[in-house]
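Residue numbers count from 1 along this sequence.
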Amino acid sequence: MSVDLKDDSMCFACSTKNKSGLKMKFSHEGDVCRSTFVASREHEGWPGFMHGGLVTTLLDEVMSQWLWGREMAAMTAELNVRFIKPVPVGQPITIEGRMEFIKGRLIVLNGQVVLPDQTVAAKATGKFLRAEKMLKAGQKKI
């Protein structure tokens with residue numbers, strides 16, 4: 001099976017064109033990629049708290065955007081998340097990503113979700129595999 005990797009501007013996490021998406025925006029400051037997000041009731045798992053799968057999505061995306069902002073094409077190979085505190089809806093949270101190390105095609109990043117009181121609600125480690133050969137000019141297929 002092959003998958004066309006040409007950008008169609010429909011990323012669930014970051015596209016402004018995806019009607020169902022999260023529409024995340026990112027900034028790059030030194031070695032950190034950062035985003036803020038305010039979850040709504042449609043993002044709930046338990047009443048008043050963000051669904052863990054969407055928290056995971058935020059973490060995956062901030063790490064992916066760390067790579068994208070440095071023109072490093074890579075795809076998530078493994079993602080481990082530790083949920084520390086529930087993430088409330090209706091409050092601005094900060095999502096941050098940083099690189100830990102690169103070894104060959106493997107890139108390991110860390111992410112975290114920070115609550116308004118500066119406590120960490122979730123941490124993640126993501127392993128990404130370089131995919132430049134697959135993504136060249138957005139035309140390759142895997």
Provide the closest heavy-atom pair for [X] versus [Y] in the form atom of the first, atom of the second, distance.
X      : Y      : result
His28  : Cys33  : CE1-SG, 3.5 Å
Val89  : Met50  : CG1-N, 3.9 Å
Leu115 : Pro86  : CD1-O, 4.2 Å
Pro92  : Pro116 : O-CG, 3.1 Å
Met63  : Gly97  : CG-CA, 4.5 Å

Enter the distance from [X]:[atom1] to [Y]:[atom2] here, rounded to the nearest 0.5 Å.
X      : Y      : atom1 : atom2 : answer
Leu106 : Phe128 : CG    : CZ    : 10.5 Å
Trp66  : Ile107 : CH2   : CD1   : 7.5 Å
Leu109 : Gln65  : CG    : CD    : 12.0 Å
Arg130 : Arg105 : CZ    : CZ    : 9.5 Å
Thr76  : Leu59  : OG1   : CG    : 11.0 Å

Minimum side-chain heavy-atom gap [X]-[Y] below 4.5 Å:
X     : Y      : result
Phe37 : His43  : yes
Leu58 : Asp60  : no
Ile95 : Gln112 : no

* Provide the full list of salt bridge (Lys or Arg N to Asp or Glu O under 4.0 Å) pairs with a residue in residues 30-51, sequence neighbours left out, each pair given once. => Glu29-Arg34, Arg34-Glu96, Arg41-Glu44
* **Any residue meeting side-chain hydrogen bond (donor to acceptor under 3.5 Å, both in side chains) with Thr125, in chain and number order, not counting sequence neighbours** => Asn110
* Asked: Listed by chain and number, what are the side-chain hydrogen bond (donor to acceptor under 3.5 Å, both in side chains) partners of Ser40, not counting sequence neighbours?
  -> none
same_hphob_cluster([X], [Y]) at 4.5 Å side-chain heavy-atom cutoff:
X      : Y      : answer
Val62  : Phe83  : yes
Leu79  : Leu54  : yes
Phe101 : Leu129 : yes

* Among Val38, Val55, Val114, Val113, find the residue that satisfies the side chain to side chain contact (heavy atoms under 4.5 Å, CB included) test when tested with Ile93. => Val113
* Check whether any side-chain N or O of Ser35 sits under 3.5 Å from a backbone N or O of Lys25 as a donor-acceptor pair, and report yes or no. => yes
